[in-house]
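Numbers restart at 1 for each chain; the letters A, B, ... are given by sequence-line order, proteins then strands.
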Protein chains: 2
Amino acid sequence: MDTEREYDVLSVDCPSRMILNRIGDRWTLLIIVALSREVLRFSQLRARVGGATPKVLTQTLRALERDGLVSREVFPVVPPRVEYRLTELGRSLLEPIAAVKKWAETHVEEVLEARERADAMASAASEAMSSASSSMARPRAGVLG
Amino acid sequence: MDTEREYDVLSVDCPSRMILNRIGDRWTLLIIVALSREVLRFSQLRARVGGATPKVLTQTLRALERDGLVSREVFPVVPPRVEYRLTELGRSLLEPIAAVKKWAETHVEEVLEARERADAMASAASEAMSSASSSMARPRAGVLG
DNA sequence: GCGTTCAGTATCCATTCGGGAACTATAGCG
DNA sequence: CGCTATAGTTCCCGAATGGATACTGAACGC
């Protein structure tokens, strides 16, 4: 039943936390999403995933392959042809990813609004600061990316 | 129905992709998980989330607050008391996160095994390389983290 | 006056990430 | 001979991430 208690994601040495870190990188999710629909060659993948340079693509694909989420099939032809596809394990990730993706899509607006509100408040607060009329000033929002 | 087509996560300028990046950072998920059970003060959060230094904690919390996922309540007492809790929006993220978390927990083993296999193969291949007896050598696995 | 508590800040520094661009290998085509 | 296409690899460099450590402020108890 309560298998969840076996792992504590919050602990530094929890393997499931490591997994979270792995799939939480800049490109992993995107590649998996791209491969969810179809088998793709390197250059197709590159075209599909906006902004990916060959380097990061290779790195991420190798990591994905190492972890058994993606398989890489090389056809010994010239020019080279290499196909990437999701493994069974990789495909099993699709469901949780879809949930997150869906959340992102349905809540982008709210997040963006919240962000604008916060930024507006922050700049209002800092202006109030300069006219020395505020009690309880919030710390500045900070850009953080 | 097909609202998904409105957004293409794979495109560089898709807002939902930005969200993915935001929640996919090293600490965000962990903090949200930590706050899922209870309201926590700064130092409690720090104790809960293994390895988080005050700096990263502050950064992440500010970002979370800015995006409306976490609220921050300051009690004007000394020593200071600040409570963090999930907002409604933040709580809505719990479900997709739980899905990912569950995937991580149920598939860690497989991933770890795949990784070991891959590493074993890679080192075998590189040994074969040195004795010059291999055809079709895989490129080396690369550590990548 | 001193130490303690709490929630951060500030500062410095090492490592990593990631982008850009050039380079490689190979076979077919002209 | 040189061009093209594909799947990378390599090098360089700037930016961002993140860790360690020390410091601040304000009231309370001693």
Where the side chain of B:Arg62 is concerned, which of D:dG8, C:dG8, D:dG18 is the nearest nucleotide? C:dG8
Those residues that, when tested against A:Arg91, pass salt bridge (charged side-chain N to carboxylate O under 4.0 Å, His left out) (two or more places apart): A:Glu88
Between CD of A:Glu73 and P of D:dT6 the distance, given in whole Å, is 18 Å
Calculate the interatomic distance between A:Arg26 atom CZ and D:dA16 atom P; express it in whole Å. 11 Å
Looking at DNA chain D, which of residues 77-87 of chain B put a heavy atom within less than 4.0 Å of it? B:Val78, B:Pro80
Do A:Val74 and A:Leu69 share a hydrophobic cluster, counting only Ile, Leu, Val, Met, Phe, Trp and Tyr and linking them when any side-chain heavy atoms are less than 4.5 Å apart? yes
For the pair made of CD in A:Gln59 and P in D:dA7, what is the distance, rounded to whole Å? 18 Å
In this structure, CG of A:Leu35 is separated from OG of A:Ser71 (nearest 0.5 Å) by 9.0 Å
Rounded to the nearest angstrom, tell me the gap between atom CG in B:Leu61 and atom P in C:dG8. 8 Å
I'd like to check the side chain to side chain donor-acceptor pair (under 3.5 Å) partners of B:Glu110; sequence neighbours left out, ordered by chain and number. B:His107
Looking at the side chain of B:Trp27, which of C:dG19, D:dG18, D:dG8 is the nearest nucleotide? D:dG18
Partner set under side chain to side chain donor-acceptor pair (under 3.5 Å) for A:Ser11, not counting sequence neighbours: A:Asp13
Applying salt bridge (charged side-chain N to carboxylate O under 4.0 Å, His left out) to A:Glu95 and not counting sequence neighbours gives none
Non-neighbouring partners of A:Arg81 that pass salt bridge (charged side-chain N to carboxylate O under 4.0 Å, His left out), sequence neighbours left out: A:Glu83
Cut-off 3.5 Å, no hydrogens considered: what does the side-chain donor-acceptor table look like for residues 44-56 of chain A, sequence neighbours left out?
residue: A:Gln44; atom: OE1; partner: A:Arg41; partner atom: N; Å: 2.8
residue: A:Arg48; atom: NH1; partner: A:Glu38; partner atom: OE2; Å: 2.7

Residues in residues 40-52 of chain A with a heavy atom under 4.0 Å of DNA chain D, by number, are A:Arg41, A:Phe42, A:Ser43
Distance, rounded to the nearest Å, where B:Arg72 contributes CZ and C:dC6 contributes C1': 12 Å
In whole Å, what is the span from the CG atom of A:Asp25 to the P atom of D:dA16? 18 Å
Round to a whole Å and report the spacing from CG of A:Leu64 to P of D:dG8. 14 Å
Between P on D:dG18 and CD1 on B:Ile31, what's the gap in Å once rounded to a whole number? 11 Å
Name all pairs fulfilling the ring pair (Phe, Tyr, Trp, His ring centres under 6.0 Å) condition that reach into residues 55-95 of chain A, sequence neighbours left out, sorted by first residue then second. none
Base of D:dG19 paired with side chain of B:Lys55 (donor-acceptor, under 3.5 Å): yes
